[in-house]
Number of protein chains: 2
Amino acid sequence: MAAQINRRSSTIWRARVRQSIKTGTDRVTIAQVAREAGVSKTSVSRYLGGEFDALSVRLREQIGKTIARLGYQPSQMARGLKGGRTRLIGMLVADILNPYSVAVLHGAEAACQKHGYTLMLCNTGNDEAREKQSLAALHSYSVEGLLFNTQGRNVTPLHELGQAAFPVVLLDRHVEGCDFDLVGLDNVKAAQLATRHLLAQGYTDIALVVQSLYGVSSRQGRQAGFLQAMSERRDCHGQTLEVDVEQPGHVATVLREFFLRRARSGGRVALLAGNGMVSLQIALALQSMKLSFPDDVGLLCFDELAWSPLVGSGISTIEQPTYEIGFTAIERLLVRIQGERSVRMEMLLDGRLISRGSTAAVTAQEGRACSARLAAKLGVTG
Amino acid sequence: MAAQINRRSSTIWRARVRQSIKTGTDRVTIAQVAREAGVSKTSVSRYLGGEFDALSVRLREQIGKTIARLGYQPSQMARGLKGGRTRLIGMLVADILNPYSVAVLHGAEAACQKHGYTLMLCNTGNDEAREKQSLAALHSYSVEGLLFNTQGRNVTPLHELGQAAFPVVLLDRHVEGCDFDLVGLDNVKAAQLATRHLLAQGYTDIALVVQSLYGVSSRQGRQAGFLQAMSERRDCHGQTLEVDVEQPGHVATVLREFFLRRARSGGRVALLAGNGMVSLQIALALQSMKLSFPDDVGLLCFDELAWSPLVGSGISTIEQPTYEIGFTAIERLLVRIQGERSVRMEMLLDGRLISRGSTAAVTAQEGRACSARLAAKLGVTG
DNA sequence: CTGTTAGCGCCTTCAT
DNA sequence: ATGAAGGCGCTAACAG
């Protein structure tokens, strides 16, 4: 209303109106900068693009000052619309509650910041439908590339991306029939390292405890390494236990069955936890069964967690270089975005063994005593 | 090349060509949809905007089918450019390594997904400079609002947002002189709850262990509640210990000094950890000093963590409703974005006490024995 | 070196 | 009920 009275300065008037309508900060545009600096939009655009050799010193200074004075920031949405460079990277995380995902995210975010990209994050909660719709959402913002930690099942949308030659880097798990780059742990090697450590410490009856193997290549890789290492020792027994960590009490049930089967063998029993989620559930299950490590059972876990040193006499772990995985994945993705078309590449980083009390060495004699005790405890408590 | 032979389907051919040129997924545009459906862009736009009552049934069907057939998805960048509704929300996290942040993030992401928004995430690592530049980055993408977990120092950029009436919801910590909404824990009440629990269990010499109080309102609130509750018991002693969790060994040093000061008093010593980061450092420090809880010292921690039940006989905690905090914060932000202009509001949720072994009850007599043991242990190990 | 012109994909008056 | 035209902020030919 006031505006109707005073129309001298249409600029100010517009600004006022916008504020009252839109509430938003009044965006300074490239046009304003150009006008105030007395140059063309193109020159300003060149300045933004860093094409300084195509700009006289005078213009460059002029523009620089004006930008600073006005506090101008180019709109990425507008730049993206025209040039396609949105400087946006989408990250799809299978489960944000998994500490592994967060740790990788940390590295990825750091790499993005380093290279002037911004991360759009979607948590799919291991759900196909949400994975699909998150993909659509990210696509609608024209992300330049995708960091993808897939749930592994029904991956047709991923295949479509592959056909479109869209830049994608897979995290941790790969997908059959897709030729995307992958960054993750060298699972086979790490599992061998883990298994051999357990064997060397004197454990003879080992169970690899994992979540559903179906569709998750990293878990399959760990299993492969585990079985391979076990096969080197015919006198020892190894088996895989699939558990559902969502289902309360399931881990305890499965473990109890395993213990009952093996305890009487007189061997020394150990558990190899397939990831951090499983570790936690195992620790809780053992606690509920009043079993302790390494006294009753050996324990080695994939994923180093903050609390690994704290529980009991410490839990031995295979530490993944999570930060590096995230960081590397982004940098690889950037290379792809910049047009690299070479053949698919897997970047597998090595895990590191951190040995603690939970895998203390045992002699055969001690082992027999342990397994006897284990059997006794189960008999009593079960 | 195959395309040159078969030109029946120009659609397919185009797709091929673009692929080889642009490498990118072929964006279907509103224009293509309009053309193929034999209508105007305006009509398609109306369809997208849900203005069905301004569309004949025939057109509506036509358009719907075409959109489905082409797999058309409107570009949010383009929509945002014109209308300002980018459906983007920025989230600034002070420290992504803090489990609290991740838990809140989880709730926030879920709320965003529910309302069709996408989250742009920036980790500031408690650094002013990064906070500032992340803010700029998010601004350049025209986020509609901001979820802000600030580091608390040098918050001028935040004040600028305030002046611009930009929608912001603060998480956990508020900022002086800013009238932004806040969602977080009722820290005073929670700290009282915690302190009274310790007192009720027979602890008499209590230290609140926190990271730097400076500029972090939530920590100040916890301190206030702590001191208030302590003041109700003149026979007990309470003090605040500020620690630097980044500096190795610092927590242990500070704790040792505190123990030495108090152990000889004959009182029962307990620690109240100000957050999850501190909890971890305390647990590690105690372990390094060969002290255990509740035998040598009582322990109660802010933030329920996955491993809280597992360490020793379990660590008692004050659990924050983190998921709800994140979820609520987004919904409040959405209300602001939709234009709500009412007065500033603080939404403070209640914490919940989870009592475990680390705060087991002690009688005065036991207490004396404990503090004697503590003194002895420190004398020996120190 | 610099500016003019023409869109990017979408929404929004304004006619019809 | 439908469409044509213009513009959001920016970049990218194409002239000078």
Side-chain angles (χ1 to χ4, degrees), chain A residues 10 14-15 17-18 21-22 24-63 67 70-88 139-142 144, chain B residues 18 21-22 24-63 67 70-88 139-142 144:
Chain A
S10 73
R14 281 246 245 60
V17 167
R18 289 238 197 113
I21 293 174
K22 264 200 58 188
T25 320
D26 217 32
R27 267 203 163 288
V28 182
T29 75
I30 198 173
Q32 291 174 47
V33 174
R35 200 183 322 129
E36 300 241 351
V39 301
S40 74
K41 290 194 297 174
T42 310
S43 296
V44 181
S45 178
R46 290 205 175 100
Y47 181 96
L48 296 175
E51 302 173 50
F52 296 120
D53 34 340
L55 246 38
S56 71
V57 183
R58 209 176 54 79
L59 268 207
R60 180 176 358 179
E61 280 183 359
Q62 202 87 2
I63 295 172
I67 286 180
L70 268 44
Y72 167 68
Q73 278 191 276
S75 155
Q76 290 289 16
M77 314 238 64
R79 317 184 94 172
L81 188 57
K82 181 69 190 185
R85 320 279 319 159
T86 57
R87 304 224 138 231
L88 237 31
H139 176 71
S140 77
Y141 287 104
S142 309
E144 292 182 30
Chain B
R18 292 246 190 110
I21 293 173
K22 259 201 59 184
T25 319
D26 214 31
R27 266 209 163 283
V28 182
T29 76
I30 199 173
Q32 289 175 49
V33 174
R35 199 183 321 128
E36 299 242 351
V39 301
S40 73
K41 291 195 293 175
T42 312
S43 295
V44 180
S45 178
R46 291 205 175 99
Y47 181 95
L48 296 175
E51 303 172 49
F52 296 120
D53 33 342
L55 247 37
S56 71
V57 183
R58 208 177 55 77
L59 268 207
R60 179 174 3 177
E61 279 183 0
Q62 202 86 2
I63 295 171
I67 285 180
L70 266 44
Y72 166 67
Q73 278 191 277
S75 154
Q76 290 289 18
M77 313 238 66
R79 314 184 98 174
L81 188 57
K82 184 71 191 185
R85 320 278 320 158
T86 57
R87 304 223 138 231
L88 237 32
H139 177 70
S140 77
Y141 287 105
S142 309
E144 293 181 29

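Predicted, not measured: the structure shown is a model, and the values here were computed from it. Within every chain, numbering begins at 1; the chains are lettered A, B, ... in the order of the sequence lines, protein sequences first and strands thereafter.
Note on A:Y47: every side-chain N or O is 4.0 Å or more away from OP1 and OP2 of D:dC10. For C:dG3, the OP1/OP2 oxygens have a side-chain nitrogen or oxygen of A:S43 closer than 4.0 Å. Put simply, B:S75 has no side-chain N or O that comes within less than 4.0 Å of OP1 or OP2 on C:dG9. Residue B:S56 places at least one side-chain N or O under 4.0 Å from the OP1 or OP2 atom of D:dT2. Dashed line: the shortest gap from a side-chain N or O of B:T29 to OP1 or OP2 of C:dG9 is not under 4.0 Å.
The base of D:dA12 does not come close enough to the side chain of A:S45 for any donor and acceptor atom to sit less than 3.5 Å apart. No donor-acceptor contact under 3.5 Å links the side chain of A:K82 to the base of D:dG9.
Going from atom CD of A:Q76 over to atom C1' of C:dC8 covers 15 Å, rounded to whole Å. Atom P of nucleotide C:dT12 and atom CG of B:L48 are separated by 11 Å, given to the nearest angstrom. Distance CZ (B:R27) to C1' (C:dC10): 11 Å, rounded to an integer number of Å. In this entry the distance linking CD of B:Q62 with C1' of D:dT2 reads 14 Å, nearest Å. Remark: C1' of C:dG3 and CD of A:E51 are 14 Å apart, rounded to the nearest angstrom. Nucleotide D:dG9 holds its C1' atom 18 Å from the CZ atom of B:R79, rounded to whole Å. Nucleotide C:dG9 holds its C1' atom 11 Å from the CE atom of B:M77, rounded to whole Å. Nucleotide D:dT2 holds its C1' atom 15 Å from the CZ atom of B:R60, rounded to whole Å.
For the atom pair CD1 (A:I63) and OG (A:S56), the distance works out to 8.0 Å, reported to the nearest 0.5 Å. For the atom pair B:R35 CZ and B:S40 OG, the distance stands at 13.5 Å (nearest 0.5 Å).
Heavy atoms of B:Y72 sit under 4.0 angstrom from primed sugar atoms or phosphate atoms, though from no base atom.
Both A:A78 and A:R58 lie close to DNA chain C; mapped to their nearest nucleotides by heavy-atom distance, the more 5′-ward contact belongs to A:R58. Across the interface with DNA chain D, nearest-nucleotide mapping of B:L81 and B:L59 shows B:L59 to be the residue nearer the 5′ end.
In this structure, the side chain of B:Q76 does not engage the main chain of A:S140 through any donor-acceptor pair within 3.5 Å.
Here C:dT13 is the nucleotide among C:dG9, D:dC10, C:dT13 with the atom lying nearest to any side-chain atom of B:R46. In the set D:dG9, C:dC11, C:dG3, C:dG3 carries the atom at the smallest distance from any side-chain atom of A:S40. Nearest nucleotide to the side chain of A:K41, out of D:dC10, D:dG9, D:dG3: D:dC10.
Using a 4.5 Å heavy-atom threshold, the side chains of A:M77 and B:R79 count as separate.
Closest of all the heavy-atom pairs between A:T86 and A:G80 is CG2-CA, 3.8 Å.
A side chain to side chain contact (heavy atoms under 4.5 Å, CB included) with B:Y47 holds for exactly one of B:V33, B:I30, B:T42, B:I67; it is B:I67.
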